[in-house]
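Source: prediction; values computed, not measured. Count residues from 1 along the sequence.
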Amino acid sequence: MQNPTALVVDDERDIRDLLGMALSRMGLQVVSAESVQQAKLLLDESHYDLCLTDMRLDDGSGIDLIRYVNEHFPNMPIAMLTAFGDVQSAVNALKAGAYDFVSKPVDLGTLRKLVDQALALREQSRPAASELVGESSIIKHLREQIERLARSLAPVLIVGEAGVGKQVVAKKIHQQSPRNRAPFLEVQCDAIEADQLDTVFFGKSGAFMMAQGGTLFIDHVDALPLSFQIRLHKAIQDRGIRAIGSLADTAIDIRIISATRKNLVQEAAGKRFRHELLYRINVIELHVPPMRERRQDILPLARAFLAELTEHSGSQEQMRLSAAAEALLLQHAFPGNVRELENILERATVLATGPVIEAEHLQFNRPEYYDADAGIPKALPEALEQLERAQIQAALEACRFNKTKAAAQLGITFRALRYKMEKLGME
C-alpha cells in the first residue's frame, strides 16, 4: 500500500525541510510548495492526503489556500501553521475550514497527533446521521453541516430551542469525526451544584481527564456561574489543566462542543456570560431548527420513534398511526419539539389497546390541544398544570433550587422534572 502524501506550504525553506523530515519519519511522502499559487498547481496535478500551510505567504494568505482546498478538495484535511500565541489567526483558520492548527515552533508530539487524526479521516467510513430523521431541505442542510464540522477540530456552539436534539447533533459530530473511537463525554451544567463544578470538570476523574482524545460536550453552558467560566476559559485556551490534587499540569487533547438555548451574545452584553469564554466556544455556531420549521419531518420522525418503541417493548406487531392520528400530529405546534413528539408517542403506545394508535390516544402537553368531546374539559388540565407548578416550585425552594434533589423529592427523574419545567414555562 502506498504511503500517504502530505503537501507542506511555507515560504521559508528551513521550515519546509524541517517539516519534511519530521513527516517522512512518520511514514509520509512529502511534497513542498513555497507559495499559494504553486500549492494550487500541485493540488490540481496530484492527490494529497494532508496539507500543512503557513499563515503568511509571499503571494497571499494561508486562509486563501484553506478556502481553495475546502471548495475543490473537501475531503482533504488542511491544517494551519501559526505563530506561537497568535490566537486570532488560529480562530480565522478554523472558521475558514482548517482541520486544526499548529503553533510554531512545531512540537513533534502535537504534529504526530494531528497527522494521525487527519489520516484517520481517510480510513474511516462514516456512519449515517440516522437519528436526524427527515428529508426536509433544512434537515438535509444540517446533516451536511455536521459532516463538514466533523472534519475539523474547531469548537462548536450548538444553538436551539429545548427538545430540538442538540445532544443528538453533538454525538453525530463526534461519531463522524476521527475521534469517534475515543470517549464522548457529556456534562449537563444545569444539573450540577456550583460547589461541585471543579470536581466534575477538573478532578482526576473529571470531564477533562476522562475525555482525553475525544469530545467534551458541555450542555446548558449558559448555566455555568461567571466565576467558574473564568476557569473553563483558561483550560480551553491553555489546552491544559492541573487536576485537583495533582502537582503537575496535564496537556489536554479534546474537542469542545457546547450547547445552549439562549442567545449568548445577548447574555454576554448583559454581563451574564463572559465575553472571553463565548469567543473560545463559539468559533463555529450551529443552529438546530425547531419542529415548526421542518413540519414535513413530523411523520417520518413519528414512524422512526414508533419503530424504536416497538423494538424496545418486544412486541411482534409494529405500532403505527391511523390516518386521523397522523392528521392530528400535523396540526400540532410542538413547542417542545422532537422531545415532545417522542413523549406523546410513548404515552400513546401505552394507551393504545392494539398496534394502531388512534387520534384519541394522542395526549398533547398544552391545554388547548385536549379534546373536550372526549370528556376532559379544558379547565381540568389547566388546574392540573397549576397544581404541578406549585408542587415543583415548592420542591425547588425546599432544595435551594437543586433540580436533582427536587426531582428526588417529587419522586420523578431529573429528565422528567426538566421536561415538566419546560412544559410549564418555568425555565
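Within the 4.5 Å cutoff, no side-chain heavy atoms of Ser35 are placed close to those of Asp58. For the pair Asp198 and Arg231, the minimum side-chain heavy-atom distance is below 4.5 Å. Between Met80 and Ile63, some side-chain heavy-atom pair lies under the 4.5 Å cut-off. Residues Asp54 and Ile15 form no side-chain contact, since every pair of their non-hydrogen atoms from C-beta on lies 4.5 Å or further apart. Side-chain contact check for Gln176 versus Asn180: every heavy-atom pair is 4.5 Å or farther apart. The shortest side-chain heavy-atom distance between Leu341 and Leu329 falls under the 4.5 Å cut-off. Contact of the Phe217 side chain with the Leu185 side chain is not registered, since no non-hydrogen atoms from C-beta on lie closer than 4.5 Å. A 4.5 Å side-chain heavy-atom check between Gln296 and Ile139 finds every atom pair outside the cut-off.
Between the side chain of Thr349 and the main chain of Glu346, a donor-acceptor pair closer than 3.5 Å is present. In terms of modelled atom types and a separation under 3.5 Å, the side chain of Glu293 and the main chain of Pro289 share no donor-acceptor contact. Side chain of Asn263 to backbone of Gln266: a donor-acceptor contact under 3.5 angstrom is found. In this structure, the side chain of Asn282 does not engage the main chain of Tyr279 through any donor-acceptor pair within 3.5 Å. A donor-acceptor pair under 3.5 Å is absent between the side-chain atoms of Gln318 and the main chain of Pro355, judged by distance alone. For the pair Glu342 (side chain) and Leu301 (backbone), a donor-acceptor distance under 3.5 Å is absent. The backbone N or O of Thr5 lies less than 3.5 Å from a partner atom in the side chain of Asp49, making a donor-acceptor pair.
Residues forming a ring pair (Phe, Tyr, Trp, His ring centres under 6.0 Å) with Phe273 (at least two apart in sequence, or on another chain): none. With sequence neighbours excluded, the residues that form a side-chain contact (heavy atoms from CB on, under 4.5 Å) with His72 are Tyr68. Partners of Ser322 by side-chain hydrogen bond (donor to acceptor under 3.5 Å, both in side chains), not counting sequence neighbours, listed by chain and number: Glu358. With sequence neighbours excluded, the residues forming a ring pair (Phe, Tyr, Trp, His ring centres under 6.0 Å) with Phe201 are Phe228, listed by chain and number. Legend: residues meeting side-chain hydrogen bond (donor to acceptor under 3.5 Å, both in side chains) with Gln393, ordered by chain and number and at least two apart, are Glu397. Residues satisfying the ring pair (Phe, Tyr, Trp, His ring centres under 6.0 Å) test with His141, not counting sequence neighbours, are none. Take Ala98 and apply the side-chain contact (heavy atoms from CB on, under 4.5 Å) test, not counting sequence neighbours, and it matches Ile66, Ala93. For His174, the ring pair (Phe, Tyr, Trp, His ring centres under 6.0 Å) partners are Phe184, not counting sequence neighbours.
Counted by atom type alone, Asp219 and Gln188 present one or more donor-acceptor pairs between their side chains at under 3.5 Å. Gln88 and Asn92 are linked by a side-chain donor-acceptor pair at a separation below 3.5 angstrom, with hydrogens and angles left out of the test.
Between Ala33 and Leu42, the shortest heavy-atom distance links the atoms CB-CD1, 3.8 Å. The minimum heavy-atom distance linking Phe208 with Ile256 is given by the pair CE2-CD1, 4.3 Å. Looking at every heavy atom in both residues, Gly20 comes nearest to Val30 through O-CG2, 3.7 Å. Of all heavy-atom pairs spanning Pro225 and Leu197, the tightest one is CD-CD1, 3.4 Å. Residues Leu50 and Val115 share a closest heavy-atom pair of CD2-CG2, 3.9 Å. When all heavy atoms of Cys51 and Met76 are compared, the closest pair comes out as CB-CE, 3.7 Å.
Using a 4.0 Å cut-off between a side-chain N of Lys or Arg and a carboxylate O of Asp or Glu, Lys104 and Asp10 qualify as a salt bridge. Salt-bridge formation is detected for the pair Arg179/Asp253: a Lys NZ or Arg NE/NH1/NH2 atom is positioned less than 4.0 Å from an Asp or Glu carboxylate oxygen. Taking a cutoff of 4.0 Å between a charged side-chain nitrogen and a carboxylate oxygen, Arg294 and Asp297 qualify as a salt bridge. Under the 4.0 Å criterion applied to side-chain N and carboxylate O atoms, Asp11 and Arg16 are not assigned as salt-bridge partners.
Note: Ile192 CD1 to Lys403 NZ = 12.0 Å, rounded to the nearest 0.5 Å. The CG atom of Asp44 sits 6.5 Å away from the CG atom of Leu41 when rounded to the nearest 0.5 Å. The CZ atom of Arg56 sits 5.0 Å away from atom OG of Ser89, with the distance rounded to the nearest 0.5 Å. Taking OH of Tyr99 as the start and CD1 of Ile78 as the end, the distance is 13.5 Å to the nearest 0.5 Å. From Glu144, atom CD reaches atom NZ of Lys140 across 9.0 Å, with rounding to the nearest 0.5 Å. Interatomic distance, Ile173 CD1 to Glu147 CD, rounded to the nearest 0.5 Å: 12.0 Å.
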Problem set entry | CA sep, side-chain torsions, deciding dist, call: Arg295, Met291, side-chain contact (heavy atoms from CB on, under 4.5 Å) | CA-CA 6 Å; Arg295 300 193 65 80; Met291 289 289 289; 6.0 Å; no
Problem set entry | Pair Met26-Asp116, side-chain contact (heavy atoms from CB on, under 4.5 Å): steps then yes or no | CA-CA 9 Å; Met26 296 177 193; Asp116 289 345; over 6 Å; no
For this session: Kindly indicate, with the supporting measurements, whether the criterion side-chain contact (heavy atoms from CB on, under 4.5 Å) is fulfilled by Ile218 and Leu232.
Result: CA-CA 11 Å; Ile218 308 174; Leu232 181 59; 4.1 Å; yes
For this session: Determine, stepwise, if the pair Asn402 / Glu193 fulfils side-chain contact (heavy atoms from CB on, under 4.5 Å).
Result: CA-CA 7 Å; Asn402 181 320; Glu193 287 290 312; 2.5 Å; yes
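Within the structure, salt bridge (Lys or Arg N to Asp or Glu O under 4.0 Å) pairs that include any residue of residues 318-333 comprise Arg303-Glu326 (at least two apart or interchain). Counting only residues at least two apart or in different chains, salt bridge (Lys or Arg N to Asp or Glu O under 4.0 Å) contacts with residues 265-278 comprise Glu267-Arg272, Arg274-Glu276.
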Show me, pair by pair, the donor-acceptor contacts under 3.5 angstrom made by side chains of residues 236-246, not counting sequence neighbours?
| residue | atom | partner | partner atom | Å |
| --- | --- | --- | --- | --- |
| Gln237 | OE1 | Arg280 | NH2 | 3.0 |
| Asp238 | OD2 | Lys234 | NZ | 2.6 |
| Arg242 | NE | Asp249 | OD1 | 2.9 |
| Arg242 | NH2 | Asp249 | OD1 | 3.4 |
| Ser246 | OG | Ala248 | N | 3.3 |
| Ser246 | OG | Ala248 | O | 3.1 |

Using distance only, find each side-chain donor-acceptor pair of residues 159-171 under 3.5 Å and give its atom names and separation, not counting sequence neighbours.
| residue | atom | partner | partner atom | Å |
| --- | --- | --- | --- | --- |
| Glu161 | OE1 | Arg292 | NH1 | 3.2 |
| Glu161 | OE1 | Asn337 | ND2 | 3.3 |
| Glu161 | OE2 | Arg292 | NH1 | 3.1 |
| Glu161 | OE2 | Arg292 | NH2 | 2.4 |
| Lys166 | NZ | Gly160 | O | 3.1 |
| Lys166 | NZ | Glu161 | O | 2.9 |
| Gln167 | NE2 | Glu186 | OE1 | 2.3 |
| Gln167 | NE2 | Glu186 | OE2 | 3.1 |

